[in-house]
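For reference, the structure discussed in these notes is given below.
Sequence lines set the chain letters: A, B, ... in the order given, protein chains first and strands last, and positions in each chain run from 1. This structure is a prediction, so every number in the text was calculated from the model and none was measured.
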Amino acid sequence: MPRKVGIEVSLAASEAACAADVDVIAAYPVTPQTHIVEHLSELVADGELDAEFIPVESEHSAMSACIGAAAAGARTFTATSAPGLALMHEILFIAPSLRTPIVMVVANRALSGPISIWNDHSDIMAERDCGWIQTFAENGQEVFDLIIHAFRVAEDPEVLLPVIVNMDGFTLSHVIEPIELLSASEVSQYLKPYKPQMVLDPKAPITMGPVGVPEVYTEARQQAESVLNGSKKVIVKAWKEFAKQYGRSYKPIETYRTKGAEVILMTMGSVTETAMTAVDRMREKGIPVGLMRFRLWRPFPLEEFRRAVKGIKTLAVVDRAISFGAQGGPVCSKVKSALYGAPDQPQVFGFISGLGGRDITVAMFEEMVKKAIRYAEKGKGPMYELIGVRER
Amino acid sequence: MDAALKNFKKFTPKSLPKVEALAQGHRACQGCGEVLALRMALKAMGKNMIVASATGCMEIITSPYPQTAWEVPWIHVAFENAAAVASGIEAGRKALMRKGRLPKQRTTIVAMAGDGGTADIGIQALSGALERGHDFVYICLDNEAYMNTGIQRSSATPYGAMTTTSPPGKLSIGQHTWKKNLPAIAAAHGIPYVATASPAYYLDLMNKAKKAAMIKGPAYLHIYSPCPTGWRLAPERAVEISRLAVQTNIFPLYEVMDGQYILTKKIKKPKPVEVYLKLQGRFRHLDKKTIKEIQDRVDREYEILVQKAASTDAEEADRSAAKESR
Amino acid sequence: MAKVDAVTGWRNLEIGCAITEPGSSRKLRTGDWRSQRPVIDRDKCIKCGLCWIYCPDMVYSPTRSGYFKWNENYCKGCGICAHECPKDAIAMVMEGE
């Protein structure tokens with residue numbers, strides 16, 4: 001029987017990797033990811049998880065060792081946060097190119113500078129085009145479930161791509177929540193042993209990572225792009241089967257009170273729970289607002305998104321990162337491009353908030369919605385603005 | 001001595017292995033001493049191996065798609081992380097064997113890189129992997145500059161050498177720093193085996209490579225790898241220069257086993273360094289004063305090495321004397 | 001870079017662009033690069049095999065009689081074998097002569 005316990009979300013993430021019976025963990029400590037790797041080393045030290053824990057000397061080597069382990073046929077896990085993720089940057093692009101199904105939790109944190117250990121999404125947004133499948137969790141239960149799901153999707157022979165599960169640093173990673181943990185034997189019904197397709201084996205020698213001469217580089221990139229886009233159906237199917245097995249159901253895009261809504265607030269990650277309260281309050285006041293959250297960020301769920309915003313007049317998109325010099329945030333830019341050419345497009349207004357650990361309050365969400373409605377009525381407004389920035 | 005070496009049998013000219021881990025048709029330059037060094041090291045270790053390669057000459061000459069010169073499993077990920085990738089392969093196989101998903105068998109895990117991938121950009125990953133004690137062999141193929149990108153200096157480029165980023169000029173003699181001592185850095189990790197080797201002394205090289213593979217834990221091989229293209233050296237002289245580097249004491253051959261230095265090729269009458277320098281265009285600009293400076297430093301460095309080895313000799317003598325008196 | 005043949009459409013690429021045929025570089029005849037070729041004088045040859053062990057391109061192989069022959073498909077003509085031969089049994093000769 002699944003057991004529901006009060007547990008810190010970071011520890012639940014480790015328990016998920018443990019329940020998935022990972023073979024190798026290569027990780028380097030970085031705030032706010034530390035509790036994940038600390039607990040994993042405990043699990044290994046206590047013999048509760050039979051895995052090799054490689055205490056690497058950097059995140060660059062963490063990702064490199066993960067690729068080596070996955071290429072040797074091992075189920076591989078790691079976790080990191082902003083500076084570590086940035087240090088992995090070069091290697092992040094190579095993991096999907098080699099089709100190594102690594103699972104990584106990113107405890108989202110602001111990128112320097114100035115240095116900040118606190119939460120926003122600037123770390124992952126800088127890596128959004130690295131070819132990994134990327135999901136965002138809203139709460140602790142979702143972190144646990146998405147990790148189990150990530151292994152299932154990553155190792156699917158049709159996919160064989162690495163997966164990042166995003167969870168907000170501190171605001172999610174360090175809170176204690178009631179979470180239903182699945183045991184290894186319960187997970188084993190959903191997650192079969194990893195059967196690598198391309199493996200480094202002296203009995204059948206292959207060459208992995210050859211030089212991509214101009215005659216093949218484009219084709220290699222097309223393979224990576226095609227597989228990533230094609231992974232969406234596997235992702236959705238794996239969620240459906242997860243629901244069948246464990247009763248919790250997940251979709252690429254989550255909606256809340258969108259029935260009859262004219263304005264939609266769009267969020268990602270754990271701030272969504274605050275945004276829900278804001279939506280409830282505004283609904284009480286008669287404002288026709290609903291909420292939408294991206295769970296799946298890469299591959300971008302284009303069809304689901306267009307369906308979800310059909311008939312909506314205004315979108316207020318919340319970004320937790322600045323896309324410097326691009327006049328907006330990365331999520332808002334993506335939303336706009338996803339709407340291009342669609343019939344009856346809503347007006348889109350971007351709001352950047354919650355940077356470097358600054359809270360986004362209920363009042364701030366209300367401010368965003370009200371502004372978006374006002375701009376929409378006028379037929380114009382700023383392309384984006386920072387909410388909660390002190391002017392003096 | 002390492003217990004794993006109990007069954008070590010030296011190669012002899014008659015018992016050289018026929019096996020090759022590399023195939024013909026690789027794209028190395030004419031007279032490439034690096035691919036020659038690599039070929040010899042791999043021959044000595046047999047085909048039960050997995051290789052993780054750094055970016056560099058050996059990577060591009062062996063793997064331009066759709067052809068590979070590799071007869072053994074091989075992976076390239078990036079420039080600076082060969083040791084980290086090898087760590088992952090070793091750990092992955094260890095876990096899979098323990099969990100019964102892979103038959104229990106010892107396979108040699110090799111990480112290989114050039115001097116830039118070892119002494120400069122890869123030194124952190126190397127240090128980490130050596131310190132963690134992975135069971136693997138790291139091969140540094142030292143051609144003393146970034147040859148693949150067009151002969152730029154590295155921290156392993158010798159004093160006075162001309163490279164495209166250490167050009168001699170009115171204010172410069174060329175490379176103005178002494179070569180970084182990588183084997184000493186590797187040895188400082190307290191790993192079971194460190195050795196230098198030169199392809200001119202192929203038996204010595206192959207015996208060291210074989211030992212490195214047999215010993216459990218990290219082993220570090222630093223192999224002199226002449227680059228005719230980058231050194232402005234006649235291609236046919238690649239082996240000759242490898243010999244001269246040893247005979248002039250510029251590149252001494254030794255082992256460090258569990259911290260004990262052992263000279264494997266003692267040079268009774270070293271040749272003057274000038275003999276070595278004058279064959280190479282990269283040193284053509286050097287004046288007498290600089291050559292003297294190099295000679296003095298080479299003599300000094302060699303003396304330090306001899307002293308390190310002498311203490312080993314003395315300890316050996318003590319031990320055998322103690323044994324006899326028993 | 002030599003012309004790459006056998007390049008295929010992206011759908012036919014192996015997973016992760018891996019190469020599954022070991023030693024396929026043999027298809028590339030690097031002997032085309034050669035401007036000089038080794039000529040062996042068997043009267044002088046002592047069958048020591050140094051030409052074989054010192055060849056960076058692995059072109060030498062022993063014959064049944066114990067001599068060594070070289071493979072013209074791959075020899076790049078570097079001349080190490082001739083330079084290292086202890087009996088001067090190998091001479092480098094310009095191609096076409």
Side-chain angles (χ1 to χ4, degrees), chain B residues 11 13-14 16-18 20-40 42-43 47 60-76 199-203 205-206 225-229 233-243, chain C residues 1-8 12-14 16-36 38 46-62 66 70-85 90-92:
Chain B
F11 291 118
K14 297 273 170 231
L16 289 176
K18 298 280 177 286
E20 304 278 1
L22 281 174
Q24 298 140 328
H26 66 69
R27 299 166 193 224
C29 301
Q30 289 175 322
C32 174
E34 187 175 11
V35 80
L36 177 59
L38 176 63
R39 175 198 169 207
M40 288 175 177
L42 296 175
K43 272 176 92 65
K47 272 177 134 176
I60 65 148
I61 63 125
T62 56
S63 81
Y65 189 90
Q67 289 153 3
T68 180
W70 290 92
E71 302 272 13
V72 293
W74 179 91
I75 183 169
H76 165 255
Y201 299 89
Y202 60 95
L203 279 173
L205 186 156
M206 292 173 71
S225 305
C227 173
T229 310
L233 172 80
E236 71 271 18
R237 291 191 188 272
V239 171
E240 181 190 358
I241 207 78
S242 311
R243 193 175 294 116
Chain C
M1 187 74 52
K3 190 175 170 287
V4 177
D5 55 1
V7 165
T8 174
N12 303 327
L13 286 182
E14 294 285 1
C17 216
I19 303 174
T20 52
E21 185 192 344
S24 53
S25 61
R26 288 194 188 85
K27 288 173 195 158
L28 186 76
R29 301 293 166 94
T30 51
D32 295 350
W33 304 6
R34 189 173 62 240
S35 57
Q36 301 180 85
I46 54 165
K47 306 176 182 177
C48 69
L50 284 183
C51 52
W52 166 71
I53 195 68
Y54 281 139
C55 178
D57 298 307
M58 297 161 280
V59 304
Y60 278 93
S61 56
W70 60 277
N71 187 331
E72 63 171 16
N73 288 329
Y74 305 108
C75 172
K76 295 169 187 165
C78 70
I80 289 179
C81 52
H83 198 70
E84 291 301 321
C85 177
I90 306 174
M92 295 306 288

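A distance of 8.0 Å separates CD in B:Gln24 from OG in C:Ser25, rounded to the nearest 0.5 Å. Considering CG of C:Leu13 and OH of B:Tyr65, their distance stands at 4.5 Å, rounded to 0.5 Å. Separating the NZ atom in B:Lys18 from the OG atom in C:Ser61 is a distance of 10.5 Å, to the nearest 0.5 Å. Note: B:Leu36 CG to C:Asp57 CG = 9.0 Å, rounded to the nearest 0.5 Å.
Not a single donor-acceptor pair under 3.5 Å links the side chain of C:Tyr54 to the backbone N or O of B:Val239. Judged purely by atom type and a 3.5 angstrom limit, C:Lys76 uses its side chain to pair as donor or acceptor with the backbone of B:Ala28. Looking only at distances, no side-chain donor or acceptor of B:His26 sits under 3.5 Å from a matching main-chain atom of C:Arg26.
Residues C:Cys78 and B:Gly31 approach most closely at CB-N, 3.1 Å, considering heavy atoms. The two residues B:Met40 and C:Ile53 make their nearest non-hydrogen contact at CE-O, 3.4 Å. Closest approach of C:Pro56 to B:Cys32, counting heavy atoms only: CB-O, 3.4 Å.
Only the backbone of B:Pro199 has a heavy atom closer than 4.5 Å to any heavy atom of chain C. Proximity to chain B involves both the backbone and the side chain of C:Cys17, based on heavy atoms less than 4.5 angstrom apart. For C:Arg29, no part lies near chain B; criterion is any non-hydrogen pair under 4.5 Å. Heavy atoms of B:Glu71 lying under 4.5 Å from chain C belong to its backbone as well as its side chain. B:Ile75 does not touch chain C: none of its heavy atoms, backbone or side chain, sits under 4.5 Å away. Only the side chain of C:Tyr74 comes within contact range of chain B, with at least one heavy atom under 4.5 Å from a heavy atom of that chain. In this structure, chain C has no heavy atom under 4.5 Å from any part of B:Lys14.
Annotation: maximal heavy-atom pairing with chain C below 4.5 Å, among B:Ser63, B:Ala69, B:Gly33, occurs at B:Ala69. Looking only at heavy-atom pairs under 4.5 Å with chain B, the residue among C:Gly23, C:Pro22, C:Cys75 that has the most is C:Gly23. The candidate with the highest count of non-hydrogen atom pairs below 4.5 Å against chain C, out of B:Arg237, B:Gln30, B:Arg39, is B:Arg39. With chain B as partner, the option from C:Ala18, C:Gly79, C:Cys48 having the largest number of non-hydrogen pairs under 4.5 angstrom is C:Gly79. Of the listed residues B:Pro73, B:Ala23, B:Pro228, the one with more heavy-atom pairs under 4.5 angstrom with chain C than any other is B:Ala23. When each of C:Ala82, C:Cys55, C:Gly49 is checked for heavy-atom pairs under 4.5 Å with chain B, C:Cys55 comes out on top.
Looking at heavy atoms from C-beta onward, B:Arg243 lies in side-chain contact with C:Glu84 at the 4.5 angstrom threshold. Between C:Trp52 and B:Leu16 there is a side-chain heavy-atom pair separated by less than 4.5 Å. Here the side chains of C:Ile19 and B:Gln67 are not in contact, with every heavy-atom distance at 4.5 Å or above. With a 4.5 Å cut-off on side-chain heavy atoms, B:Thr68 and C:Glu21 do not count as touching.
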> Going through the checks in order, is the side chain to side chain contact (heavy atoms under 4.5 Å, CB included) test met by C:Met58 and B:Val35?
Replying inline: CA-CA 10 Å; C:Met58 297 161 280; B:Val35 80; 5.7 Å; no
